[in-house]
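Below you'll find the structure, written out as structure tokens, and then a few comments.
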Amino acid sequence: MNDLIQTITVYALPVLFAITLHEASHGYVARFFGDNTAAQAGRITLNPIPHIDPIGTIAVPLFLLFTTSMMGGAGLLFGWAKPVPVNWSKLRQPKRDMLWVALAGPASNLVMAIGWAIALRFMLDSGVPHTGFFPRMAIAGIWVNLVLMALNLIPLPPLDGGRIVFSLLPNKWAYQYGRIEPYGMLILIVLMLTNVLGIALGPFLSFGQKVVSWFL
């Protein structure tokens, strides 16, 4: 139980900010391209509280962490925040601008992973042992953000990667592709259960780790 509590305290802030700032970034970029929906809803803020979903941001991550740890695993973390509202029709060029709004989420996670890497490098260079609380938190921050970035780049609507693919496809193909969206989460669950998701995440994780390694 002590190990579980330590794991929760190490991961709490990295998970909270990785999920909520991911959502906030969508709102920032949507406003830049003409849609003020998120701003009017008070969702363009670095304060994580307005982005917290009691189920997805708190209950689900804690439940997964507890159950997998009790079963002897390393502890699985997965969750989500309240989706930032985006009215695609208000974007100046909806199909084109959708790419940048969608890309903002994974990009924010990569930036946060780099930030945690710089903090870790600074702490280690200052003589803080890598087993200390804050270095462990920085390592957790790197890993959580890279996983969230990779997951959201999977080209499956409604994930950000699906929006990116939709934006890049010719109109006829894009709207056919968009018809997958109602089944996207079911497909994602099947990919998770069959371990195909891990294979799909590989290239994105490798890219993120390569970028982060430049700062370590």
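If you read the sequence from its start, that first residue is 1, and numbering goes on from there. FYI, side chains are in, hydrogens and waters are out, and symmetry mates aren't considered; it's all heavy atoms of this structure.
- A donor-acceptor contact shorter than 3.5 Å is absent between the side chain of Arg163 and the backbone of Leu103.
- No donor-acceptor pair under 3.5 Å is formed between the side chain of Ser167 and the backbone N or O of Ile164.
- The number of heavy-atom neighbours closer than 6.0 Å to CH2 of Trp173, taken from other residues, nucleotides and ligands shown, is 12 or below.
- Side chains of Leu110 and Asn145 form no contact here, defined as non-hydrogen atoms less than 4.5 Å apart.
- Proximity of Gln40 to Arg31: side-chain heavy atoms (C-beta onward) are nowhere separated by under 4.5 Å.
- Here CG of Leu201 is found 11.0 Å from CG of Leu146. Values are rounded to the nearest 0.5 Å.
- With Asp160 contributing its side chain and Ala104 its backbone, the two residues share no donor-acceptor pair below 3.5 Å.
- Rounded to the nearest 0.5 Å, atoms CE (Met123) and CG (Asp125) are 10.5 Å apart.
- Between the CG atom in Leu197 and the CD1 atom in Ile154 there is a gap of 5.5 Å [rounded to 0.5 Å].
- Residue-environment remark: CZ (Arg179) stays at or below the threshold of 12 foreign heavy atoms within 6.0 Å.
- Leu120 and Val111 fall into different hydrophobic clusters, where Ile, Leu, Val, Met, Phe, Trp and Tyr residues are linked whenever their side-chain heavy atoms come under 4.5 Å apart, directly or through other members.
- Side-chain contact between Met149 and Ser108 is absent, with no heavy atoms from C-beta onward closer than 4.5 Å.
- Within 6.0 Å of CZ in Phe133 there are more than 12 heavy atoms belonging to other residues, nucleotides or ligands.
- Residues Ile19 and Asp53 form no side-chain contact, since every pair of their non-hydrogen atoms from C-beta on lies 4.5 Å or further apart.
- Side-chain contact between Val128 and Phe134 is absent, with no heavy atoms from C-beta onward closer than 4.5 Å.
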- Message: Applying side-chain contact (heavy atoms from CB on, under 4.5 Å) to Leu205 and Val147, what does each step give before you reach the verdict?
- Response: CA-CA 7 Å; Leu205 283 174; Val147 170; 4.2 Å; yes
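- No donor-acceptor pair under 3.5 Å is formed between the side chain of Lys95 and the backbone N or O of Pro170.
- Here the side chains of Asn36 and Lys90 are not in contact, with every heavy-atom distance at 4.5 Å or above.
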- Query: Should His51 and Thr45 be marked as a side-chain contact (heavy atoms from CB on, under 4.5 Å) after you check the CA-CA gap, both sets of side-chain angles, and the distance that decides it?
  - Reply: CA-CA 9 Å; His51 304 293; Thr45 174; 3.7 Å; yes
- Steps toward side-chain contact (heavy atoms from CB on, under 4.5 Å) verdict (Arg136, Tyr11): CA-CA 9 Å; Arg136 289 172 59 203; Tyr11 275 86; over 6 Å; no
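- For the pair Phe33 and Val29, the minimum side-chain heavy-atom distance is below 4.5 Å.
- Residues Met112 and Asn109 meet the side-chain proximity criterion, which asks for heavy atoms closer than 4.5 Å.
- For residues 192-216, there are no ring pair (Phe, Tyr, Trp, His ring centres under 6.0 Å) pairs, not counting sequence neighbours.
- With sequence neighbours left out, Arg96 forms a salt bridge (Lys or Arg N to Asp or Glu O under 4.0 Å) with no residue at all.
- Between the side chain of Glu181 and the main chain of Pro158, no donor-acceptor pair closer than 3.5 Å is present.
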